[in-house]
Amino acid sequence: MTTILTILTEGFADWEIATLCGVARGFYGLAVRHATPRGLPVTSSGGLRVIPDLGLEAVDIAAADAIIVCGGTIWRSDGAPDLSGLLRRAQAARLVVGGICDGTRALARAGLLDSVGHTSNDPETLLETGYAGRAHYWEVPHAVSDQRIVTAPGTAPVSFMAEILDTLGLRDENLDYYLGLLAAEHAPRAERWGRTSSAEADIAYR
C-alpha cells in the first residue's frame with residue numbers, strides 16, 4: 001500500500017497537511033502515518049493534539065513512498081530537528097519528498113533544493129539556511145514539483161496535495177473532480193469581488 005509519512009513538530013501548522021492527509025487516506029485509501037521527534041505527542045498551532053505513529057529515529061525509508069515536512073514555528077528556531085540525513089536518504093531512494101511553508105527550510109538545509117525548481121513562502125526564508133538554490137526559486141502562489149521534490153508556500157495546501165498525489169502517480173479524473181469541488185467554493189467570491197485571492201490562485205492554478 002502506498003504510504004505517506006508526515007513529519008510533525010511542536011506548533012505545526014495543521015491546515016498545511018490536513019487536505020493532503022484527508023484526501024490521501026479518506027479518498028484514495030492510502031496509508032498515512034505521522035512521525036515526531038522522539039515519538040512524543042505534539043500540539044498544532046490550532047491546538048490539535050497528535051499522538052504520532054513513531055519517532056523520527058525509527059523512520060524506515062523502505063516503508064514509505066513519500067515523506068512530507070509540515071511547516072510550523074519550530075523551523076526558524078534553534079530547536080528545529082535536523083532532518084538532513086533522513087531527507088537525503090529519501091531522495092536517494094527516489095521517494096517523493098515534500099515541504100510546505102517553513103518545512104521547506106528542512107529541505108533547503110539538506111541540500112535538496114540546490115538544483116531543482118522549488119518555492120516557499122519567500123526566497124529569503126530559504127537563503128537564511130545557507131542553501132545554494134536561489135536560481136531555481138519560483139515566485140509563484142502554488143506548489144512546485146520537480147524531480148520528485150514538491151514544495152509550496154503555507155497558503156497553498158490544495159495544490160501541495162495535488163502535486164504530491166500527482167508525483168506519486170495518482171493523478172486521475174477523481175483528483176480533478178476533487179479539486180473542482182474545492183474550487184467551487186471560491187468561484188462566487190471571485191465573481192462578486194472581481195479579483196482572485198492567493199487561495200483561489202492556489203486552487204485554480206491548473
Side-chain angles (χ1 to χ4, degrees), residues 4-21 32-61 64 66-91 95-116 118-134 136-144 149-157 159-161 163-164 198-199 202:
I4 296 176
L5 177 69
T6 302
I7 296 174
L8 305 178
T9 53
E10 187 64 26
F12 73 94
D14 37 22
W15 68 90
E16 294 175 357
I17 46 87
T19 304
L20 170 62
C21 293
V32 175
R33 307 187 75 201
H34 299 86
T36 66
R38 301 183 302 284
L40 297 175
V42 292
T43 301
S44 76
S45 60
L48 180 67
R49 184 74 166 169
V50 175
I51 300 175
D53 298 291
L54 70 164
L56 290 176
E57 304 76 13
V59 171
D60 179 6
I61 294 297
I67 291 184
I68 310 301
V69 184
C70 183
T73 55
I74 199 170
W75 299 112
R76 289 179 181 263
S77 75
D78 294 336
D82 184 1
L83 305 180
S84 297
L86 173 64
L87 297 180
R88 288 173 189 146
R89 292 195 301 275
Q91 181 188 37
L95 271 64
V96 174
V97 179
I100 183 168
C101 196
D102 278 348
T104 57
R105 291 169 63 97
L107 276 65
R109 286 195 183 102
L112 270 61
L113 306 183
D114 286 350
S115 59
V116 302
H118 61 277
T119 191
S120 184
N121 293 332
D122 57 69
E124 286 70 29
T125 293
L126 302 181
L127 289 173
E128 292 173 359
T129 69
Y131 95 128
R134 180 65 179 88
H136 303 283
Y137 187 88
W138 289 29
E139 197 76 64
V140 293
H142 55 73
V144 171
I149 304 295
V150 182
T151 51
T155 53
S159 58
F160 185 63
M161 172 271 295
E163 290 293 355
I164 294 293
S198 59
D202 171 38

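- Residues T9 and P81 are in side-chain contact: their nearest non-hydrogen atoms beyond the backbone lie under 4.5 Å apart.
- Taking CE from M161 and CD1 from I4, the interatomic distance works out to 10.5 Å, rounded to the nearest 0.5 Å.
- For the atom pair CD1 (I68) and CZ (R33), the distance works out to 15.0 Å, reported to the nearest 0.5 Å.
- Using a distance-only test at 3.5 Å, with no hydrogens or angles considered, no donor-acceptor pair links the side chain of R109 to the main chain of S84.
- R134 pairs by the side chain to side chain contact (heavy atoms under 4.5 Å, CB included) definition with P123, L127, Y131, Y137, not counting sequence neighbours.
- Taking every heavy atom of both residues into account, E57 and P37 meet most closely at OE2-C, 4.2 Å.
- Annotation: the span from L113 atom CG to T129 atom OG1 amounts to 8.0 Å, rounded to 0.5 Å.
- Side chains of L5 and L54 form a contact here, defined as non-hydrogen atoms less than 4.5 Å apart.
- Using a 4.5 Å heavy-atom cutoff, the side chains of F12 and T36 are not in contact.
- At least one side-chain heavy atom of L126 sits less than 4.5 Å from a side-chain heavy atom of H118.
- Under a 3.5 Å cut-off, the side chain of E10 and the backbone N or O of S44 do not form any donor-acceptor pair.
- Across every non-hydrogen atom of H136 and D114, the tightest pair is CD2-O, 3.1 Å.
- Of all non-hydrogen atoms in S159 and A143, the two that sit nearest each other are OG-N, 2.9 Å.
- When atom types are taken as modelled, the side chain of T151 and the backbone of T119 share a donor-acceptor pair closer than 3.5 angstrom.
- Partners of R76 under the salt bridge (Lys or Arg N to Asp or Glu O under 4.0 Å) rule, at least two apart in sequence or in another chain, are D102, E128.
- The CG atom of L95 sits 9.5 Å away from the CG atom of L86 when rounded to the nearest 0.5 Å.
- Contact record, C101 with G71: CB-CA, 4.3 Å, taken as the closest heavy-atom pair.
- Atom-to-atom distance recorded for L40:CG and I51:CD1 is 11.5 Å, nearest 0.5 angstrom.
- Using a 4.5 Å heavy-atom cutoff, the side chains of L107 and S120 are not in contact.
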I67/I61 under side-chain contact (heavy atoms from CB on, under 4.5 Å): CA gap, chis, key distance, verdict:
CA-CA 9 Å; I67 291 184; I61 294 297; 3.7 Å; yes

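- Taking both residues in full, the closest heavy atoms of E163 and V150 are given as CB-CG1, 3.7 Å, listed atom of the first, atom of the second, then distance.
- With respect to L112, the side-chain contact (heavy atoms from CB on, under 4.5 Å) criterion is satisfied by exactly one of T104, L87, L83: L87.
- Closest approach of C70 and L8 over heavy atoms only: CB-CD2, 3.9 Å.
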